[in-house]
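Report on one structure; see the data block that follows.
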Amino acid sequence: MPDRAPQPVDRQLPTDEARDLISLVRDIAQREVAPVAAEEEDAGRFPRELFTLLSESGLLGLPYDAEYGGGDQPYEVYLQVLEELATARLTVGLGVSVHTLASYALAAYGTKEQQAEHLPAMLGGGLLGAYCLSEPASGSDAASLRTRAVRDGDHWVITGTKAWITHGGIADFYTVMARTGEEGPRGITAFLVPGDAEGLSAAAPEKKMGMKGSPTAQVHLDGVRVPDSRRLGEEGQGFAIALSALDGGRLGIAACAVGLAQAALDEALRYAAERRQFGRPIADFQGLRFMLADMATQIEAGRALYLAAARLRDAGRPFAKQAAMAKLHCTDTAMRVTTDAVQILGGYGYTADFPAERYLREAKVLQIVEGTNQIQRMVIARHLAGPESR
């Protein structure tokens, strides 16, 4: 391997336990994830058995309480785990992020009885979760969702369609936001719906330009009955729960974006060190060296931004503005860096024989999921200048 080959990210971790955790994740990523990533993405195969391994290894509940099977890790450590997994394969890093997002409502707003009954299986029992907020006609305007839950004695009957659901059709549980009252954000309630509930079904997965191994599908709820004991939080609190979950989820997307950008930079560095033109490696040419320098700088800035936001969250301080900034910057960075990686590889970068073209296709969706980057700019501006005039 040339001496200019990429090296593992030099991480600043708070404890020896966290360093051991990152070592475990890197071992799993190098042994189980990266070697089959291209083949499985090309085949559109979701690695469910790998998620069983991640669950058994304690990696599906890292930021949650050990009392219920979680890892008791601060967010700054959890996010760096996501980054490592996403560097090996975005489907895996994003899948862990979505599972963590789906578990949040119960972990943060559930009763002690609900948590004791459901969280151990969700965090360490091999289950896989999905988060159901968006609908065919309500994406960025999530407060206008139409899925409705009607009380029937001590049960709720949920009817509607959710859209763009990661793990739709394969999840073991769905955190579903449904309207139980008035129009607008105050009429929405959160529910924990089993994946095998009668009346719940999924459409065929969407045909996407990237992330083909991660199933994204509409989820139909046709009179799905769930007991009131599966209502999470108070009636009408669901939208607040959803927004709180998305603040943390956006940091997960930011970390995944940095991981994907790092993978693209690593590939560009490998190629630039090995490819020779005009009698020397192309890494010797100043124009290309400047591209690599810019790519690395953008990645480091993104990593610092998401970690700063995570440390605010860990300290119990407000972090919504910083989460939006991190999601915006890191996903825009992933788009720029993957585009530059394709350019550095030239014609080879445009072929499926090298992973650069897959990284570019995957990067695009990160600017869309869990709040488009236009929405992130709106969130940031509201924190800076206050709400828009009506």
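Judged by distance alone, the side chain of Gln218 and the main-chain N or O of Ala163 form no donor-acceptor pair under 3.5 Å. Thr297 contributes a side-chain N or O that, together with a main-chain N or O of Ala293, makes up a donor-acceptor pair within less than 3.5 Å. Side-chain atoms of Arg230 come within 3.5 Å of backbone N or O of Leu192 as a donor-acceptor pair. Side-chain atoms of Arg250 do not come within 3.5 Å of backbone N or O of Ala324 as any donor-acceptor pair. Judged by distance alone, with hydrogens and angles left aside, the side-chain atoms of Ser244 form no donor-acceptor pair with the main-chain N or O of Ala240 at under 3.5 Å. Side-chain atoms of Thr189 never come within 3.5 Å of backbone atoms of Glu235 as a donor-acceptor pair (strictly under, hydrogens ignored). At least one donor-acceptor pair under 3.5 Å links the side chain of Asp314 to the backbone N or O of Glu76. The closest donor-acceptor contact from the side chain of His329 to the backbone of Ala254 lies at 3.5 Å or more, if one exists at all. Without hydrogens or angle criteria, Lys327 side chain to Leu366 main chain gives a donor-acceptor distance under 3.5 Å. In terms of modelled atom types and a separation under 3.5 Å, the side chain of Gln115 and the main chain of Gly110 share a donor-acceptor contact.
Side-chain contact between Trp164 and Val365 is absent, with no heavy-atom pair separated by less than 4.5 Å. Contact of the Arg148 side chain with the Thr159 side chain is not registered, since no non-hydrogen atoms from C-beta on lie closer than 4.5 Å. Using a 4.5 Å cut-off on side-chain heavy atoms (C-beta onward), Val9 and Arg303 make contact. Between Leu145 and Lys162 there is a side-chain heavy-atom pair separated by less than 4.5 Å. A 4.5 Å side-chain heavy-atom check between Val81 and Val96 finds every atom pair outside the cut-off. Inter-residue side-chain proximity for Gln376 and Met325 is flagged as unmet; no heavy-atom pair is nearer than 4.5 Å. Using a 4.5 Å cut-off on side-chain heavy atoms (C-beta onward), Leu21 and Leu62 make contact. The shortest side-chain heavy-atom distance between Leu106 and His118 falls under the 4.5 Å cut-off.
Atom CD of Gln12 has 12 or fewer heavy atoms from other residues, nucleotides or ligands within 6.0 Å. The environment of CD in Gln343 is sparse: at most 12 heavy-atom neighbours from other residues, nucleotides or ligands sit within 6.0 Å. The number of heavy-atom neighbours closer than 6.0 Å to CZ of Phe285, taken from other residues, nucleotides and ligands shown, is above 12. The environment of CZ in Arg186 is sparse: at most 12 heavy-atom neighbours from other residues, nucleotides or ligands sit within 6.0 Å. In Glu183, the CD atom is crowded: over 12 heavy atoms of neighbouring residues, nucleotides or ligands sit closer than 6.0 Å. Summarising the local packing, CD of Glu39 is surrounded by 12 or fewer heavy atoms from other residues, nucleotides or ligands at distances under 6.0 Å. The 12-atom threshold is exceeded at CZ of Arg31, counting heavy atoms of other residues, nucleotides or ligands nearer than 6.0 Å.
The cationic atom of Arg311 (NZ for Lys, CZ for Arg) does not lie both less than 6.0 Å from the six-membered ring centre of Phe319 and within 45° of the ring axis.
Rounded to the nearest 0.5 Å, atoms CZ (Arg289) and CG (Asp284) are 6.0 Å apart. Distance check, rounded to the nearest 0.5 Å: CD of Gln322 to CG of Leu251 gives 9.5 Å. To the nearest 0.5 angstrom, Tyr78 atom OH is 11.0 Å from Leu59 atom CG. Atoms CD1 and CG, from Ile253 and Leu79 in turn, are 10.5 Å apart once rounded to the nearest 0.5 Å. Annotation: the span from Arg179 atom CZ to Ser138 atom OG amounts to 8.5 Å, rounded to 0.5 Å. Taking CD from Gln367 and OG1 from Thr372, the interatomic distance works out to 10.0 Å, rounded to the nearest 0.5 Å.
If you check the side chains of Tyr104 and Thr175, you find no donor sitting under 3.5 Å from an acceptor. When only modelled atom types and interatomic distance are considered, Thr333 and Arg336 share a side-chain donor-acceptor pair under 3.5 Å. The closest side-chain donor-acceptor pair between Tyr64 and Ser103, if any, does not fall under 3.5 angstrom. Between the side chains of Tyr306 and Glu83, a donor-acceptor pair is found at a separation under 3.5 Å.
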Requested in this report: Dump the intermediate steps for ring-ring contact (aromatic ring centres under 6.0 Å, His included) on Phe51 and Phe46, then the final yes or no.
Outcome: CA-CA 9 Å; Phe51 276 80; Phe46 180 75; 5.0 Å; yes
Query raised in the report: Can you list the steps and then say if Glu84 with Arg26 is a salt bridge (Lys or Arg N to Asp or Glu O under 4.0 Å)?
Result: CA-CA 7 Å; Glu84 291 283 346; Arg26 283 177 174 167; 2.9 Å; yes
Requested in this report: May I have the step-by-step check of side-chain contact (heavy atoms from CB on, under 4.5 Å) for Gln80 and Leu307, ending in yes or no?
Outcome: CA-CA 8 Å; Gln80 293 185 79; Leu307 286 173; 3.7 Å; yes
Requested in this report: Run the numbers on Gln114 and Tyr109 for side-chain contact (heavy atoms from CB on, under 4.5 Å), then give the verdict.
Outcome: CA-CA 10 Å; Gln114 288 174 322; Tyr109 292 88; over 6 Å; no
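Between Glu135 and Arg146 there is no salt bridge, since no side-chain N of the basic residue sits under 4.0 Å from a carboxylate O of the acidic one. Taking 4.0 Å as the cut-off between side-chain N and carboxylate O, Glu40 and Lys212 do not count as a salt-bridged pair. Salt-bridge annotation for Arg270 and Glu274: absent, with no side-chain N of the basic residue lying under 4.0 Å from a carboxylate O of the acidic one. Salt bridge annotation for Asp247-Arg313: absent, with no cationic side-chain nitrogen under 4.0 angstrom from a carboxylate oxygen.
With sequence neighbours left out, Asp266 forms a salt bridge (charged side-chain N to carboxylate O under 4.0 Å, His left out) with no residue at all.
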Donor-acceptor list for residues 165-174 side chains, cut-off 3.5 Å, not counting sequence neighbours:
residue : atom : partner : partner atom : Å
His167  : ND1  : Gly129  : O            : 2.9
Asp172  : OD2  : Arg48   : NH2          : 2.5
Asp172  : OD2  : Leu128  : N            : 2.8
Tyr174  : OH   : Gly169  : N            : 2.9

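Taking both residues in full, the closest heavy atoms of Thr87 and Gly259 are given as OG1-O, 3.0 Å, listed atom of the first, atom of the second, then distance.
Under the 4.5 Å side-chain heavy-atom criterion for Ile, Leu, Val, Met, Phe, Trp and Tyr, Leu288 and Tyr348 are members of the same hydrophobic cluster.
Considering Arg358, Arg89, Lys208 as possible partners of Glu41, the one that fulfils the salt bridge (charged side-chain N to carboxylate O under 4.0 Å, His left out) test is Arg89.
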